[in-house]
K.L.:
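Dropping the structure in here first, questions after.
Residue numbers start at 1 and run along the sequence shown.
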Amino acid sequence: MSECLFCKIVRKEIPAVPVYEDDSLLAFKDIFPQAPVHLLLIPKAHCEGLADMTPEIAEAVGRLPQVAARLAQDHGIAASGWRLLTNSGPDSGQTVFHLHFHLLGGKPLGGKLCL
């Protein structure tokens with residue numbers, strides 16, 4: 001998807017602050033952080049959401065929890081707690097239609113996930 005914001009970040013057409021990268025995944029700092037640590041983890045291949053995963057993307061996404069745990073450790077939030085979540089579709093609040101996961105921590109996040 002040539003116009004996808006996250007695809008442009010993967011291609012380095014738009015700057016981002018990367019914190020992790022391998023052949024199929026990229027993690028970078030969110031530009032509108034909702035917590036002291038707010039990272040976005042994405043498959044490099046374009047995929048709109050969870051329902052659209054190819055087997056290759058599903059394999060990469062399957063490694064996401066392990067990568068998130070490593071990033072939580074690297075960012076000093078592993079012991080205090082962190083949240084990993086994704087939105088799928090407009091009613092969930094998804095605004096960039098490239099599958100992505102939010103890694104949040106660094107403050108008490110509370111128990112409420114929706115309004």
K.L.:
Report the distance from atom CZ of Arg83 to atom CG of Leu104, rounding to the nearest 0.5 Å.
P.N.:
7.0 Å
K.L.:
So do the side chains of His46 and Cys4 get within less than 4.5 Å of each other, counting heavy atoms only?
P.N.:
yes
K.L.:
Quick one: ring pair (Phe, Tyr, Trp, His ring centres under 6.0 Å) partners of His102, sequence neighbours excluded?
P.N.:
His38, His100
K.L.:
Which heavy atom of Gly49 sits nearest to which heavy atom of Ser88, and what is that distance?
P.N.:
CA-OG, 4.5 Å
K.L.:
Please go through Phe6's hydrophobic cluster and name the other residues, only I, L, V, M, F, W, Y counting, with side-chain heavy atoms under 4.5 Å joining them.
P.N.:
Leu5, Ile9, Val10, Ile14, Leu26, Phe28, Leu40, Ile42, Val96
K.L.:
Just to verify, what does Gln66 make a side chain to side chain donor-acceptor pair (under 3.5 Å) with, not counting sequence neighbours?
P.N.:
none
K.L.:
Which residue pairs satisfy the salt bridge (charged side-chain N to carboxylate O under 4.0 Å, His left out) criterion with at least one member in residues 54-64, sequence neighbours excluded?
P.N.:
Asp22-Arg63
K.L.:
How is the hydrophobic cluster of Leu50 composed, in terms of its other members, when Ile, Leu, Val, Met, Phe, Trp and Tyr link through side-chain heavy atoms under 4.5 Å apart, directly or indirectly?
P.N.:
Val19, Tyr20, Leu25, Val37, Leu39, Leu41, Met53, Ile57, Val61, Leu64, Val67, Leu71, Ile77, Trp82, Leu84, Leu99, Phe101, Leu103
K.L.:
Side chains of His98 and Cys47, heavy atoms from C-beta outward: is any pair under 4.5 Å?
P.N.:
no
K.L.:
Where do Gln94 and Gly89 come nearest, in terms of heavy atoms and distance?
P.N.:
OE1-N, 2.7 Å
K.L.:
If you measure from the Lys or Arg side-chain nitrogens to the Asp or Glu carboxylate oxygens, is any gap between Lys12 and Glu21 under 4.0 Å?
P.N.:
yes
K.L.:
Side chain to side chain donor-acceptor pair (under 3.5 Å) with Ser80: which residues, sequence neighbours excluded?
P.N.:
none
K.L.:
Would you name the heavy atoms of Ala35 and Gly105 that are closest together and state the gap between them?
P.N.:
CB-O, 3.5 Å
K.L.:
When you compare the side chain of Glu3 with that of Lys8, does any pair of heavy atoms fall below 4.5 Å?
P.N.:
yes
